[in-house]
Amino acid sequence: MSGPLTLFDKPNSYIGKSVPRPDARRLVEGRGKYVDDLQLPRMLHAAFVRSPHAHAEIGNIDTAEATTLPGVIAVFTADDLADHVSPYVGVLTHLQGLRSPPQSPLAADRARWQGEPVVMIVAQSRAIAEDACELVDIDFEPLETVCDAGTALQDDAPVIHGEFDSNLAWQRTVDAGHVDDAFARNDVTVIEREFIFGRHTGVTLEPRASVVEYDPSEAVLTYHYSGQAPHMMQAILAKHLGLLEENVHIVARDVGGSFGIKIHTYGDDVATAAAAKILARPVKFIADRTESFVSDIHARDHTVRGRLAVDAEGKIAALEIDNLTGIGPYSMYPRTSAIECNQILNLTGAPYAIENYRARGTVVFQNKNMMCQYRAVGHPVAMAVADGLLEEAAHEIGMDVVDIRRRNLFADNAYPINSAAGMKFDDLSHQKALEKLVRFMDYEALREDQAAAQKQNIYRGIGLVSMVEVTNPSPMFYGIGGAPISAQDGASVRLDAAGAPHVSASITEQGQGTNTIIAQIAAGVFGVDIDRVKVTTGDTATTPYGGGTWASRGAGIGGEAVLQASHALKQQVLDVAGVILQARSDQLDIVDGQVVDIEIGTQRISLADLGKIVYYRGNELPADVTPELIATRHYRVTDFPFVFTNGAMAAHVEIDVETGFVTVLNFWAVEDCGRVINPKLVDEQIRGGVVQGIGGALYEECIYSPDGQLQNASMADYLVPMAAEMPDIHIAHIETPTKTSVLGAKGAGEAGTGGAPAAVMNAVNDALRPLNASIHQMPMTPQRILKALGKV
Amino acid sequence: MKAAEFDYLRPSNLGAALDLLANESADVQILAGGQSLMPMMNFRLAQPELLVDLNGLEELQFIRQTDSHIQIGSMTRYCELETSSLIQQHVPLLSIALPHIAHSAIRNRGTIGGSTALADPAAEMPALLIALNATIVTRSREGQRSTEASKFFLGLYETALDSGELIESISIPKSTTGSACGFYELARRHGDYAMAGVAVTAQRTDPINDARVVFFAISDRAIRAETVENHLNGLSELTEEGLENARKEIDKLDFHGDLNAEVSTKRHLAKVVFKRAIEEMMR
């Protein structure tokens, strides 16, 4: 091959190196530019009256007093916005049978969850808007609620949407092989457990934020956005506000975390945009922390009944799961709320060679906040169910939990191969990752420590997980179902007159370092110092079209586009240099900003001088040479629906059996995300993910009362994991590049979140086993552990 | 999450502050460290008409000693207590407990008087003051009065503080030879309000006497468990039987559940924290 792989070895290659973030200093110095930093002339502020009831008829809405409060500019109800915003429906055609009624930004005649926006106040300050909210008088007639997903389909359950016959949103069944025959075999041991995964949410440091401007003279709407899919938002706002798509300009500057939370269509954000258009004045809406808890999407909330049959040698004979999830009153637009259930059906047991697999998923409506895609969609559930059952089975037949994995994980030379659920796998390394993990954590020593500790009534446990992660999705994820969500991404790289490359890319930066890896790839492939590379992302007016950064796709898809575009720009430069230098361009290279002879490395012309000739002194070039020093490339995954990664993780925990408190002593992750572009950033992605996974396993839960009131909508009561409680998280890599791209990068953003809950749950159960106790409900709170131990 | 409109005054001396508090026509709230009040105002759970800020009153910021007592001005911040050699030397229970109170950032602003006046049932300070046999010195325009800590905390966010009155100082007997203390709390995350906690003090003489056992985060207020104390007083040494008798009395306390622990869990954990605090005290 003419070069691409040598990109990784060249002296000016940054790929594979822990380059510090170019934007770190700016952010640490407080010079970040977040949406709330924007102060525009004539800007107004929005606040919302939200339903205090989980389910209620909305009668008369009296806004008279609020409207006359000094400083209030406008008050909007659902009726007021009806002519300005067309309804939206959160279904996709490839999720066959999924149904959800049309949604409007504000609740019209019925409120269906506590926190649903009903009235919008627009005022000169947020404080005045909140004052006015208190003056709005709404006649609510509370209705019977459906909160427990387990009862939502019962005959006597109130139906949340009159147009439907029940609260069923979607159902899907996967049935591969001969499951019943396998379970009926007399040489298998069958393990059956019920797993409960509590609702939690992704708590971003910067809450959801919108500042929207509208210029009626040009019919242009500018949406200052804190999110991760600018082009999707462009299409959605254009469609539902009745604007031309090209007249909707989405700008995301710095984004303080997203985790999937900010990738959806929220009524309050859409209403803010509508208000800006109607009033022709900028309107700001920053969700406060309470609003975030009651209106940012929640995730998980699954009950899974699982059965696993293994033979005496530990070989899996069959796996069957039945998953029930409640998604709130609507399927979220446009990605839908059926994806997490779908992922669980697709991914449970996916690391293992299983022939007989049956999975049923049921998605129901309920009167709670909406659920949708949050970091590691479905993975924590799928991994915890399969590996939870597998470890229980190992103990049941007297086999070590590592050995049982060795016998069931796909062999490293088995690829390409399809899983029972139909997932296509290639370039994975499950066995290698497991062996590396066992050495890395010193598994044998931990087992010895565990036995010694137990003699002193100290209960320690070790839990593992072998996992896959969905990354680099193709159009099969969303686009196929009709969503305005691009699976391809683009990058443009242009050379300025001073010899610096400017990259604009359609993937987004929300704090994880996307802009850094873009600069690394461009600098390395093109051949300049990384400090010279300028990166633009997040702006629909200046970047190529693309999906953004989500589903662990930024580096793998967007990074490949940057690589290809940088490579193309380099060819353009070398072609011009060949003309200027009277040399063959294939004998030239770019190193540290200089065009050099490939063979002897002699500097021939600097990029700055070349830029000056092209841009200022074109007269020195032959008339038939018209240089293009800008290249754009797009990339999408074509061979596979997804590029899977794999990993193996382990948790070491100690349980205080008097209090039920779990201390995570250590955590190890061995991850194969293909080519590692920036080891430090990848490690921090995995660490952050593991922390969110530990959060789900031990701390985080949106606690609802039986009548649908969120009980802990504050940072005092909703327990995000904190540094003091976190273990050291040790990370090692295996690099099996994906063959689908030159770069070879797969995603790494969600692995920790996907794997950690399973490892922690297995470790807790390993610690509890000598006491004949077990727990399969997350978060594993002290109270739940005490109950499992029979102490309370 | 913006506070409703309010007036704000920051008096520069105690007399002026008391004059402002005497205004019975307005809903007046005192601003001390603000670590609870400001969030409550932003949630609009508290909507005072007038906020009287005591942060300008240097006369309420002191830690000093007499022969027998340590006196702490009500506007003394937790971080000052943490680093005070007088506290370390003479009120060891406070020194042990202070790092468990929220986080450094909160302890940098939060005051002993603010927490005492709020009387949060899950907070450490009311329990500590009862265990320390402290006296709460309050003042209004009418004059000064003193209330034993065990009679100051009346219920959920309810104290013996009268309207027009503020906490001036808190007086704590110095620990003496033979006095011992223990403290234990169980919080889901470091710095959180506890699921259950207890402060214990006693004279480790033979027999043990003057035991004080005060639970927090288990009921609607800090609870002094005298029936438990009775089983400790008079013991020559702590036997398992003596402790078991004490623990049985814990079962009879008035437990209130919360999001992290229902009543049965609180009851169980109260016994665990009691055992651990006693172990610490006897160490």
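Scope of the values below: all heavy atoms of this structure, side chains included, with no hydrogens, waters or symmetry mates. In what follows, every chain begins at residue 1, and chains take the letters A, B, ... in the order their sequences are listed.
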- Message: For a side-chain contact (heavy atoms from CB on, under 4.5 Å) check, start with the C-alpha distance between A/Leu719 and B/Asn260, then their side-chain angles and the critical distance, and finish with the verdict.
- Response: CA-CA 10 Å; A/Leu719 308 183; B/Asn260 287 309; 4.2 Å; yes
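- If you take CE on A/Met722 and NE2 on B/His103, they are separated by 4.5 Å, rounding to the nearest 0.5 Å.
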- Task: Dump the intermediate steps for side-chain contact (heavy atoms from CB on, under 4.5 Å) on A/Arg289 and B/Met1, then the final yes or no.
- Result: CA-CA 8 Å; A/Arg289 197 53 77 179; B/Met1 209 181 281; 4.0 Å; yes
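- Of the two parts of A/Met726, neither the backbone nor the side chain holds a non-hydrogen atom closer than 4.5 Å to a non-hydrogen atom of chain B.
- B/His268 places a side-chain N or O within 3.5 Å of a backbone atom of A/Glu658 that can act as its donor or acceptor partner.
- Neither the backbone nor the side chain of B/Lys271 comes within less than 4.5 Å of any heavy atom in chain A.
- Neither the backbone nor the side chain of A/Ala129 comes within contact range of chain B; no heavy atom of the residue lies under 4.5 Å from a heavy atom of that chain.
- Nearest approach of A/Tyr718 to B/Arg189, heavy atoms of both residues: O-NH1, 4.2 Å.
- The contact between A/Ala724 and chain B is made entirely by side chain atoms (from C-beta outward), counting heavy-atom distances below 4.5 Å.
- Of the atoms belonging to A/Val662, not a single heavy atom falls under 4.5 Å from chain B.
- The contact between B/Ala187 and chain A is made entirely by backbone atoms, counting heavy-atom distances below 4.5 Å.
- Separation of atoms CD (B/Glu5) and CG (A/Asp131) is listed at 7.0 Å; rounding is to 0.5 Å.
- When heavy atoms are compared at a cutoff of 4.5 Å, A/Glu291 does not approach chain B at all.
- Looking at B/Leu186, the atoms closer than 4.5 Å to chain A (heavy atoms on both sides) sit in the backbone and in the side chain alike.
- Looking at B/Asp258, neither its backbone nor its side chain comes within 4.5 Å of chain A, counting heavy atoms on both sides.
- For A/Ile128, no part lies near chain B; criterion is any non-hydrogen pair under 4.5 Å.
- Contacts with chain A (heavy atom to heavy atom, under 4.5 Å) involve these residues of residues 33-52 of chain B, listed by number: B/Phe43, B/Arg44, B/Gln47.
- The shortest heavy-atom contact between B/Arg276 and A/Thr659 is NH1-CG2, 3.6 Å.
- With a 4.5 angstrom heavy-atom cutoff, A/Ser714 touches chain B only via side-chain atoms.
- When the heavy atoms of residues 777-792 of chain A are compared with those of chain B, the residues falling under 4.5 Å are A/Thr781, A/Pro782, A/Gln783, A/Leu786, A/Lys787, A/Lys791, A/Val792, listed by number.
- The local environment of CD in A/Glu65 is sparse, with at most 12 non-hydrogen atoms from other residues, nucleotides or ligands closer than 6.0 Å.
- From B/Leu259, atom CG reaches atom CD1 of A/Ile703 across 4.5 Å, with rounding to the nearest 0.5 Å.
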